[in-house]
2 protein chains.
Amino acid sequence: MQSQRLPTLEDVARVAGVSRATVSRVVNGVRNVDPQLHEVVWSAVEQTGYVPNRLARSLVTRRSGTVALVVSDSETHDDDPFMSRFFADPYFGRVVGGLMSVLRPAGVQLALQMVGAEGHRRLVGDLRNGQADGAVVLSLPARDPLPGLLAEARIPAVLIGRPAEPLPISYVDLANETGAALAAECLVARGCQRVSMISGPADVPASQDRITGFHRAMARHGHAWVPSAAGNFTRESGEQAMRALLAEEPDGVFVANDLMALGALLVLRDAGKRVPEDVAVIGFDDSSAALAARPALTTIRHPLEDMAAEAAKLLLARVEDPAGRVSSVIYEPTLVRRQSA
Amino acid sequence: MQSQRLPTLEDVARVAGVSRATVSRVVNGVRNVDPQLHEVVWSAVEQTGYVPNRLARSLVTRRSGTVALVVSDSETHDDDPFMSRFFADPYFGRVVGGLMSVLRPAGVQLALQMVGAEGHRRLVGDLRNGQADGAVVLSLPARDPLPGLLAEARIPAVLIGRPAEPLPISYVDLANETGAALAAECLVARGCQRVSMISGPADVPASQDRITGFHRAMARHGHAWVPSAAGNFTRESGEQAMRALLAEEPDGVFVANDLMALGALLVLRDAGKRVPEDVAVIGFDDSSAALAARPALTTIRHPLEDMAAEAAKLLLARVEDPAGRVSSVIYEPTLVRRQSA
DNA sequence: GAACGCTTGGAGAGCGCTTTCCAGTCTTCG
DNA sequence: CGAAGACTGGAAAGCGCTCTCCAAGCGTTC
């Protein structure tokens, strides 16, 4: 068993026969150290099994080598089943994977922070205190005050998904309107005459954009009215919405995400409709669910991993140069043609 | 805009007209403070917008209020696409959700740590240095040295999934053998005569248990030989395995997880087999994929969220009392009967 | 040979916080 | 009325690290 106390700089210095300062310089790779001493110090580090104490280091450097992934859900409560849904959704995992692909090679850690409205002040304080060098924010509620607070406190931050209102803060987003328009074009090109839409929650910006984008594009093709039903991005809600829409006898449906589209497919099938012959269905996200569906889902590709990776890069750049320009990058979605439309 | 420097204890003390020590006592809710002073201090805290610096606090208390979720993947590399698969898999999200359900109410943060073999020493050092109070470990490789290192260093840790070899470390696990046996019973009870199995990777303990449990149970019913094909828990690999198994003309298939079962269902369908009439299929996990499948998947329920929550509780208890007993809790799986068998 | 510049390593002052120790104050009882 | 006891609150010593000075050593140059 190892001793209770971990070796400190002091210990290494004693073993190497130099001062703390010198060891610190060697460990941190600062020049101006005699190569021979360098050698001696490293072997002392080896010998003692020294590992720098990040906390102590961060306290003085004000750099933690950590970024926070903030999941802001000011509107939900602890016992809300919503959270478990959120984590189980591929969305969360894809974002984490994308972030990690950049953060890990950079040697930066990821800390998961969930905060409700009460936690905002504390979060901002913790962040400013050096708990993390910056934050990637996943804003769930429509009008989240958090991005504003972050901007005001000048904390390096990048949003995934545009803020509800213009803010001096970087973000990555998808051209949701374009994606929805792509779906509309495809449906129209197939000759669909009675097109419906299953949308996401009305108060989420991404969801809004898909709605307006779709409606606008359909209107351009003479379809001024599109029967719609809203879901909450879960498969179950997709089933429900589809059932409600069945009365409209649609021959084409655009669904605001794949999970709901999966539900729609199920309902259509149970209703004896053939897809795509009787009803064409287009999803959104190109998640793994799209490929697993039968018929395989024609969908709008949402390169979430790439976007998260880009967010991580933007954040790292901003941490490096906090004075840099606020920037945002918008990804163009593409239509992935499979069997459902 | 706020000032660059954050208020410190010192500042609050000055405003309140007391000493740093007193403010610290008040903020940390230590008794022995005159109620009146108490009041004064709080309003000074309010007024200055003081937020304690966790780093500084942790440095002295040796408690960080954070636990690490360690994803140990000593065998893969940074550019390995495996990682993105891992995060996109519902498994990861379900674990995070389960952990959070306990950690969040307890005010404990979660830090995500991915480490390869090279990072083990550093990780253990960081943990001992107080970076985190404990670790929940998701061991990917079969024979991972990390749990052993953690145990040796006496770091509070809980594994999700039993260690490859006995170790003085707590863990939560599923009775995988029992689960597999349940599937076997069900298939046999249906009267299946030609049963096959699609297994997971041969070197993962959970996967091994499902294999031996299934074979043993089948043997008990006189089926000494079960044709098998191994996948890697992805849907694609499930398709592949099913295609290979088609030659055996099975009338029942047990698949070691739902994702692969989804793939199997697809192949079966394309091969013109009806499920469950021609071939009965049983999955494992009862993930959301099971419900989304058509026919809905009969599967073995794996209460991953509950298990992760339990892991968090065990960890917290161990952090509280490091001398406590090493304990493990094994969950009993249940059969969820749906349409595929 | 003295003055100068350069490199190298040590001393020490914090970073913001907790916590022990101790002095001062107020009770209370003999 | 004085001393023992119970509380309160302050001073100060660190936690482990970085980094700014500063002193010492050495080679140059005039």
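Just so we're on the same page: letters track the sequence lines, and every chain starts at 1.
- In this structure the side chain of L149(B) never reaches within 4.5 angstrom of the side chain of I155(B), judged on heavy atoms.
- Per the geometry, CG belonging to D11(B) stands 11 Å off P belonging to dC15(C), to the nearest Å.
- There is no side-chain donor-acceptor pair under 3.5 Å between T48(A) and D11(A).
- R20(B) has its CZ atom 13 Å from the C1' atom of dC15(D), to the nearest Å.
- Between F92(B) and F92(A), the two ring planes are parallel [angle under 30°; tilted spans 30° to 60°].
- Taking every side-chain heavy atom of A56(A) into account, dG16(D) is the closest of dT19(C), dA12(D), dG16(D).
- Using a 4.0 Å heavy-atom criterion, one finds that N28(B) contacts the sugar-phosphate atoms exclusively.
- When the nearest nucleotides of DNA chain D are assigned to V27(A) and A21(B) by heavy-atom distance, the more 5′-ward of the two goes with A21(B).
- With hydrogens and angles ignored, the 3.5 Å screen pairs a side-chain donor or acceptor of T61(A) with a backbone N or O of R57(A).
- The V18(B) side chain lies nearest to dG10(D) when the options are dT18(C), dT18(D), dG10(D).
- Regarding D126(B), its CG atom lies at a distance of 11 Å from the P atom of dC17(D), rounded to whole Å.
- Within the nucleic acid shown, L37(A) comes within 4.0 Å of sugar-phosphate atoms alone, with no base atom in reach, counting heavy atoms only.
- Per the geometry, CZ belonging to R128(A) stands 12 Å off P belonging to dG16(C), to the nearest Å.
- Between the CD atom of E10(B) and the C1' atom of dA12(D) there is a distance of 12 Å, given to the nearest Å.
- The base of dG10(D) is paired with the side chain of R25(B) by a donor and an acceptor separated by under 3.5 Å.
- In this entry the distance linking CZ of R63(A) with P of dC19(D) reads 11 Å, nearest Å.
- Listed nucleotides: dT18(D), dG10(C), dG16(D). Nearest to the side chain of T61(A): dT18(D).
- Following rounding to the nearest Å, Q131(B) (CD) and dC15(D) (P) show an atom-to-atom distance of 20 Å.
- Base engagement by S24(B) is indicated by at least one non-hydrogen atom pair under 4.0 Å involving a base atom.
- From N129(B), atom CG reaches atom OG of S64(B) across 11.0 Å, with rounding to the nearest 0.5 Å.
- Not one side-chain nitrogen or oxygen of T8(B) sits closer than 4.0 Å to the OP1 or OP2 atom of dG16(C).
- Among dT18(D), dG10(D), dG16(D), the nucleotide with an atom closest to any side-chain atom of T22(B) is dG10(D).
- Looking at the side chain of V60(A), the nearest of the listed nucleotides dG16(C), dG10(D), dT18(D) is dT18(D).
- Taking atom CG on N129(A) and atom C1' on dG16(C), their separation rounds to 9 Å, with Å as the unit.
- Between dG9(D), dC17(C), dT18(D), one nucleotide has an atom nearer to the side chain of N53(B) than all others, and that is dC17(C).
- The backbone N or O of R54(B) sits less than 3.5 Å from a side-chain atom of S58(B), completing a donor-acceptor pair.
- Residue R62(A) is in sugar-phosphate contact alone, with no base atom involved, counting any heavy-atom pair closer than 4.0 Å across all strands shown.
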